[in-house]
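Notes to accompany the following structure.
Each chain gets a letter, A, B and so on, in the order its sequence line appears, and its residues count up from 1. For clarity, every value in this text was computed on a predicted model and none was experimentally measured. These values consider heavy atoms only, across backbone and side chains, with no hydrogens, waters or symmetry-generated copies.
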2 protein chains.
Amino acid sequence: MSSNRDWTDAFPPLRQLPAEIFSQLREASLIVELPEGSRIFGPGQAPESFLLLLDGTIRVQQTSESGREIVLYRVQAGESCALTTACLMGYEEYQAEGIAETPIRAVAIPRALFDRLIATSRDFRQFVFTAFSRRVTNLFRVIEEVAFERIDVRLAQKLLELAGAKQQVVATHQDLANELGSAREVISRQLNEFARRGWLRVARGVVEITDRPALARLAQHG
Amino acid sequence: MSSNRDWTDAFPPLRQLPAEIFSQLREASLIVELPEGSRIFGPGQAPESFLLLLDGTIRVQQTSESGREIVLYRVQAGESCALTTACLMGYEEYQAEGIAETPIRAVAIPRALFDRLIATSRDFRQFVFTAFSRRVTNLFRVIEEVAFERIDVRLAQKLLELAGAKQQVVATHQDLANELGSAREVISRQLNEFARRGWLRVARGVVEITDRPALARLAQHG
DNA sequence: GAGGGTCTGTAACTAAGTCACCGAGACAGT
DNA sequence: ACTGTCTCGGTGACTTAGTTACAGACCCTC
């Protein structure tokens, strides 16, 4: 059993709460653990609580009727599912779905308590609105990129993003297509073109970056 | 001078407020009027208050470097600029811009008072979150359509939406392209194709719908 | 009624997505 | 090791969407 020991440390705004609410928070919220691949929420599966992610990554994506997918954003450890919550509070049908990309550990704050936190704590409000704000701003960027950016530029960006500090990205061409809302064949062609230019090497399920600067140059719109 | 006479009638949640806050609301908020075409907010122009729209329409759109535009959503009378506000509260740089499509009249609730309303009134929270929820859900639809829907289907949908009950849409091809984040030539071609099929007639700056059912059939994915 | 601005038409081209199919590699079971 | 199956990637022909670069048509004002 995971105890509620120390998790509030990860969320400074919570430490500012009045003692009474703070103890309610420890009592009423529970720590949930879910295996990789779990569907955290999705159409017709409204979340019943506000999630604070302690460990792991949640991928939020959308699937079209034709089966094509696009990744909207990721929730990382230390962040909250703020958009989900807003939809929860607003009763609206949430269109996207959230998948655990890794095993995850999260705090689930029940709806009623969430409402009380919002009412009570200015810091908590700030925390929630900031999270909203970041997500929405990011959504705007997604729209802009899908609508106006070339696919090679977007692919270069995404490869660098997914690689992080590492030199390789573990993903199939289909996975990359799903990231960008594109089609597998398109990604395959672009990757082969990148490989032909010596920017990377492709193997089954892996892309190994060999010329980061070149990718970066293309990514920032060159 | 517009007095603060009756505007709260348009927003039922406000009527539930405690008398003290309610009178503050009447005092501290002011009614603003702006002419058509005003830029309400935009990049590098953060709104300083929460807006409740009494009359008119605000178009929220995004412009790419290359000059292409896409309409994200519209704020109608009786609604609020909830997304804007979240970004305001969260200090994030707002990427989109808001333009008055008609002369508008709105109530501007200062930031501090907005915060107090959120803290005080459950109904007000519900109101704000619901508005938020609707916008976000709508943004998800925009992403899905831009990413996955055919341009002819999207154009048919948009024409029906813009026409409303009327039989005509007053807009140039460029305007329609900006609605959808597409290019003028593409829209011209599609409109001519629709005209060839007898679904509409095009004139300079006007599209007259002659076969609504046909457009509707295409719009709902046919 | 001339000139300038806005709006639309057109053609040739590039980029992106779709369709249909294939073959190579991985892997499990016998 | 052999075989069947499944996933992954390659390929070519095709359609759709967006781009580039014009040319006219319409409209308003002077």
Side-chain angles (χ1 to χ4, degrees), chain A residues 37 62-70 142-159 168-197 200-208 218 221-222, chain B residues 37 62-70 142-159 168-197 200-208 218 221-222:
Chain A
Q62 209 169 16
T63 307
S64 78
E65 302 150 23
S66 60
R68 274 173 64 190
E69 294 182 5
I70 183 168
V142 171
I143 291 177
E144 187 172 359
E145 281 171 7
V146 171
F148 304 133
E149 205 66 82
R150 291 173 53 98
I151 196 70
D152 52 355
V153 174
R154 295 176 57 211
L155 178 57
Q157 289 171 352
K158 187 56 81 172
L159 285 173
Q168 55 164 26
V169 176
V170 178
T172 66
H173 298 182
Q174 185 63 63
D175 290 339
L176 293 170
N178 290 347
E179 290 284 334
L180 300 174
S182 178
R184 199 256 314 162
E185 297 88 327
V186 174
I187 300 303
S188 290
R189 283 199 276 261
Q190 295 295 335
L191 285 177
N192 289 336
E193 175 60 21
F194 289 175
R196 197 188 61 72
R197 296 185 199 164
L200 45 77
R201 270 192 301 265
V202 292
R204 194 184 173 88
V206 183
V207 175
E208 192 181 349
L218 178 59
H221 124 260
Chain B
Q62 209 168 17
T63 306
S64 78
E65 301 150 23
S66 61
R68 275 173 65 190
E69 294 183 5
I70 183 168
V142 171
I143 292 178
E144 186 173 359
E145 279 171 8
V146 172
F148 304 132
E149 205 67 82
R150 292 174 51 100
I151 196 71
D152 53 354
V153 173
R154 295 176 58 211
L155 178 57
Q157 290 171 350
K158 187 56 81 173
L159 285 172
Q168 56 166 25
V169 176
V170 178
T172 66
H173 298 182
Q174 185 64 62
D175 291 339
L176 293 170
N178 290 347
E179 290 283 335
L180 300 174
S182 178
R184 199 259 312 161
E185 296 87 331
V186 174
I187 300 302
S188 291
R189 282 200 281 261
Q190 295 295 335
L191 285 176
N192 289 337
E193 174 61 20
F194 288 175
R196 199 187 60 72
R197 296 185 199 163
L200 45 77
R201 269 192 301 262
V202 292
R204 195 184 171 87
V206 183
V207 175
E208 192 181 348
L218 178 60
H221 121 260

Can a salt bridge be assigned to the pair [X] and [Y] using a cut-off of 4.0 Å between side-chain N and carboxylate O?
X: A:Glu179; Y: A:Lys158; answer: yes
X: A:Arg201; Y: A:Glu208; answer: yes
X: A:Arg189; Y: A:Glu185; answer: no

Between residues 143-152 of chain B and DNA chain D, which residues have a heavy-atom gap below 4.0 Å?
B:Arg150, B:Ile151

Which atom of [X] lies closest to which atom of [Y], heavy atoms considered:
X: A:Ala156; Y: A:Phe194; value: N-CE1, 4.3 Å
X: B:Leu218; Y: B:Asp152; value: CD2-O, 3.7 Å
X: B:Ala177; Y: B:Ala183; value: CB-C, 3.6 Å

Go through DNA chain D in 5' to 3' direction and return only the first and the last nucleotide with some atom under 4.0 Å of chain B's heavy atoms.
D:dT16 to D:dC27

Using atom types as modelled and distance alone, determine if a side-chain donor or acceptor of [X] lies under 3.5 Å from a backbone N or O of [Y].
X: B:Thr63; Y: B:Gly67; result: no
X: A:Asn178; Y: A:Asp175; result: no
X: A:Arg68; Y: A:Gly181; result: yes

Note: for B:Gly181 and A:Asn192 on DNA chain D, the residue whose nearest nucleotide lies more 5' is A:Asn192

Span of DNA chain C, from the first to the last nucleotide whose atoms fall under 4.0 Å of chain A heavy atoms:
C:dA15 to C:dA26

So what does A:Arg154 hit on the nucleic acid, given a heavy-atom distance under 4.0 Å: a base, only sugar-phosphate, or nothing?
nothing

How do A:Gln190 and B:Gly205 order along DNA chain C: which one's closest nucleotide is nearer the 5' end?
B:Gly205

Hey, what do you get for CD1 (B:Ile151) to CD (B:Glu145), rounding to the nearest 0.5 Å?
10.0 Å

